[in-house]
Amino acid sequence: MPDVSQRIEALREQIEEANYQYYGLDQPTLSDAEYDALLQELIRLEKEHPEFLTPDSPSQRVGGYIAKEFPKVRHAEALLSLDNAFDAGDLLEFDRRVRALVAEVEYVVELKIDGLTVALTYEDGALVRGATRGDGEVGEEITANLKTIPAIPLRLRKQADRLDVRGEGYMPKGSFLRLNQEREEAGQPLFANPRNAAAGSLRQLDSRITAQRKLGYFAYQVLTPEEGELASQTAVLDYLKEQGFSVNPEYRVFSAIEEVIAYCGEMVEKRHNYPYDIDGLVIKVNDIAQQRELGFTAKSPRWAIAYKFPAEQVET
Ligand SMILES: NC(=O)c1cnc(N)c2cc(Br)sc12
């Protein structure tokens with residue numbers, strides 16, 4: 001019955017396109033009701049015709065399977081941890097160290113999302129594995145839970161044999177407030193902050209619970225894709241967006257550390273203007289070849305640093 005498989009294929013494309021428009025481009029095209037109707041029709045048709053069911057169908061984002069524990073998985077490359085800068089002096093020192101090794105340099109400054117770093121692996125365009133950072137070398141395999149996050153594509157939009165992506169899983173402030181309200185009504189302990197809530201939600205053994213937590217994901221790094229070198233961090237962000245990932249749009253490019261310092265000062269005042277928690281900014285040398293030249297110290301890259309926002313007085 002060719003028309004059923006064509007209808008199933010058309011529904012999948014419409015649903016994944018709607019996810020990309022909503023989570024990738026932040027430009028929703030369908031109402032929630034229209035989206036749910038398409039998903040319900042897809043689930044119904046796949047139930048009536050299981051021969052057309054495939055694991056990368058959007059209907060498979062939420063499995064019914066409850067894991068016993070999370071297998072350990074070794075990352076293709078260790079996940080970096082960043083040196084911290086707390087003031088202008090630290091940033092000037094970072095810039096001096098960079099310029100001691102490379103001549104002309106340009107910096108990209110991205111929001112430091114207060115969530116959990118999550119590594120994703122795609123083979124032949126399909127999401128095959130997702131893992132927490134763990135100790136940087138070995139993390140916990142939480143693929144089933146990550147599949148429930150619509151901002152994480154199940155399939156890439158462009159051909160790539162293998163692609164490793166790093167990004168931050170997080171819980172938007174709205175999801176956090178709603179979750180704690182539900183927990184308060186149910187007499188359950190509350191989460192202290194969105195970061196803890198995201199950690200708890202990503203490490204659920206039952207992915208149906210993860211699916212209810214409305215988590216987000218911002219991609220920000222790729223391991224060198226075989227499809228030829230991406231020359232800069234801004235090119236990496238463009239590539240991730242083209243592939244269907246949600247990329248945080250709040251990034252800036254500066255050619256002088258004094259401009260970076262001024263921007264950090266501005267952002268201290270604006271840190272609460274976003275629908276998710278941020279705890280600082282990540283400053284990176286934009287040029288990938290220069291990143292290679294600068295390399296790593298024992299524990300972190302010489303080509304990046306995290307500017308941490310000053311601690312805030314908590315209203316008692
Ligand atoms: N944009 C980024 O590079 C970024 C954003 N948010 C974060 N929590 C982190 C952590 C590392 Br390590 S990098 C990074």
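Basis for what follows: all heavy atoms, side chains included, without hydrogens, waters or symmetry-related copies.
The structure places OH of Tyr239 at 6.0 Å from NZ of Lys158, a figure rounded to the nearest 0.5 Å. Atoms CZ and CG, from Arg12 and Asp56 in turn, are 6.5 Å apart once rounded to the nearest 0.5 Å. Here CD1 of Ile209 is found 9.5 Å from CG of Asn145. Values are rounded to the nearest 0.5 Å. Remark: Glu110 CD to Asn248 CG distance equals 8.0 Å, nearest 0.5 Å. Distance check, rounded to the nearest 0.5 Å: CD of Gln204 to CZ of Arg213 gives 5.0 Å. The distance from the CG atom of Leu79 to the CD atom of Glu137 is 9.0 Å, given to the nearest 0.5 Å.
Between Glu266 and Lys270 there is a salt bridge, since a side-chain N of the basic residue sits under 4.0 Å from a carboxylate O of the acidic one. Glu48 and Arg44 are joined by a salt bridge, as a carboxylate oxygen and a charged side-chain nitrogen come within less than 4.0 angstrom of each other. Taking 4.0 Å as the cut-off between side-chain N and carboxylate O, Glu168 and Arg133 do not count as a salt-bridged pair. We find that Arg157 and Glu17 are joined by a salt bridge, their nearest charged nitrogen and carboxylate oxygen being less than 4.0 Å apart. The existence of a salt bridge linking Asp164 and Arg166 is excluded, since no basic side-chain nitrogen approaches an acidic carboxylate oxygen closer than 4.0 Å.
Side-chain contact between Gln14 and Leu42 is absent, with no heavy-atom pair separated by less than 4.5 Å. Residues Gln233 and Leu237 have side chains in contact (heavy-atom distance under 4.5 Å, counting atoms from C-beta outward). Taking 4.5 Å as the limit, some side-chain heavy atom of Leu163 sits within range of a side-chain heavy atom of Val222. A 4.5 Å side-chain heavy-atom check between Leu111 and Met267 finds at least one atom pair inside the cut-off. Counting heavy atoms from C-beta outward, Arg195 and Leu116 have side chains that approach closer than 4.5 Å. The closest side-chain heavy-atom distance from Arg252 to Glu259 is not below 4.5 Å.
The side chain to side chain contact (heavy atoms under 4.5 Å, CB included) test applied to Pro50 returns no partner, not counting sequence neighbours. Partners of Tyr276 by ring pair (Phe, Tyr, Trp, His ring centres under 6.0 Å), not counting sequence neighbours, listed by chain and number: Tyr170, Phe218, Tyr274. Scanning for side chain to side chain contact (heavy atoms under 4.5 Å, CB included) contacts around Ile43 gives Leu39, Gln40, Lys47, Ser59, with sequence neighbours left out. Tyr35 is linked by a ring pair (Phe, Tyr, Trp, His ring centres under 6.0 Å) to nothing, counting only residues two or more places apart in sequence or in another chain. For Glu312, the side chain to side chain contact (heavy atoms under 4.5 Å, CB included) criterion is met by Arg271, His272, not counting sequence neighbours. Residues satisfying the ring pair (Phe, Tyr, Trp, His ring centres under 6.0 Å) criterion with Phe245, sequence neighbours excluded, are Tyr122. For Leu190, the side chain to side chain contact (heavy atoms under 4.5 Å, CB included) partners are Asn180, Arg183, Glu184, not counting sequence neighbours. Checked against salt bridge (charged side-chain N to carboxylate O under 4.0 Å, His left out), Glu69 has no partners two or more places apart in sequence or in another chain.
Hydrophobic clustering keeps Val73 apart from Leu120 (ILVMFWY residues linked when any side-chain heavy atoms are closer than 4.5 Å, directly or through intermediates). Under the 4.5 Å side-chain heavy-atom criterion for grouping Ile, Leu, Val, Met, Phe, Trp and Tyr, Phe70 is connected to Ile152 within one hydrophobic cluster. Cluster annotation: Leu91 and Tyr263 are assigned to the same hydrophobic cluster (Ile/Leu/Val/Met/Phe/Trp/Tyr, side-chain heavy-atom contacts under 4.5 Å, transitive). A single hydrophobic cluster is seen to contain both Val282 and Phe296, as judged by linkage of ILVMFWY side chains at heavy-atom distances under 4.5 Å, directly or through other members. Under the 4.5 Å side-chain heavy-atom criterion for Ile, Leu, Val, Met, Phe, Trp and Tyr, Ile113 and Ile305 are members of the same hydrophobic cluster.
Smallest separation of non-hydrogen atoms from Ala144 and Ser207: O-CB, 3.8 Å. Closest approach of Pro150 and Asn19 over heavy atoms only: CB-OD1, 3.7 Å. Nearest heavy-atom pair, Leu146 versus Gly130, reported as atom, atom and distance to 0.1 Å: CD1-CA, 3.4 Å.
Within the structure, the ring-ring contact (aromatic ring centres under 6.0 Å, His included) test picks out no pair touching residues 139-166 (sequence neighbours left out). Applying the ring-ring contact (aromatic ring centres under 6.0 Å, His included) test to every pair with at least one member in residues 90-116, sequence neighbours left out, gives these pairs: Phe94-Tyr107. Applying the side chain to side chain donor-acceptor pair (under 3.5 Å) definition to pairs two or more places apart or across chains, those involving residues 74-89 are Asp83-Lys299.
If you chain together ILVMFWY residues whose side-chain heavy atoms come under 4.5 Å of each other, Tyr22 ends up grouped with Tyr23.
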Open item on the list: As a quick check of understanding, evaluate side-chain contact (heavy atoms from CB on, under 4.5 Å) for Lys308 and Lys112, giving each step before the final call.
Closed with: CA-CA 9 Å; Lys308 301 286 283 187; Lys112 189 168 182 298; 3.9 Å; yes

- [ ] Could you walk me through whether Leu179 and Met171 pass the side-chain contact (heavy atoms from CB on, under 4.5 Å) test, one step at a time?
- [x] CA-CA 10 Å; Leu179 174 62; Met171 182 176 285; 3.7 Å; yes

- [ ] Before giving the answer on side-chain contact (heavy atoms from CB on, under 4.5 Å), spell out for Val128 and Thr143 the whole-Å C-alpha distance, their side-chain angles and the decisive distance to 0.1 Å.
- [x] CA-CA 7 Å; Val128 294; Thr143 314; over 6 Å; no

- [ ] Any chance you could lay out the side-chain contact (heavy atoms from CB on, under 4.5 Å) test for Thr210 and Arg203, step after step, and finish with the verdict?
- [x] CA-CA 8 Å; Thr210 310; Arg203 303 186 67 252; over 6 Å; no

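Within a 6.0 Å sphere centred on CD of Glu51, heavy atoms belonging to other residues, nucleotides or ligands number more than 12. Surrounding CG of Asn273 are more than 12 heavy atoms belonging to other residues, nucleotides or ligands, all under 6.0 Å away.
Judged by distance alone, the side chains of Glu34 and Ser31 do bring a donor and an acceptor atom under 3.5 Å apart.
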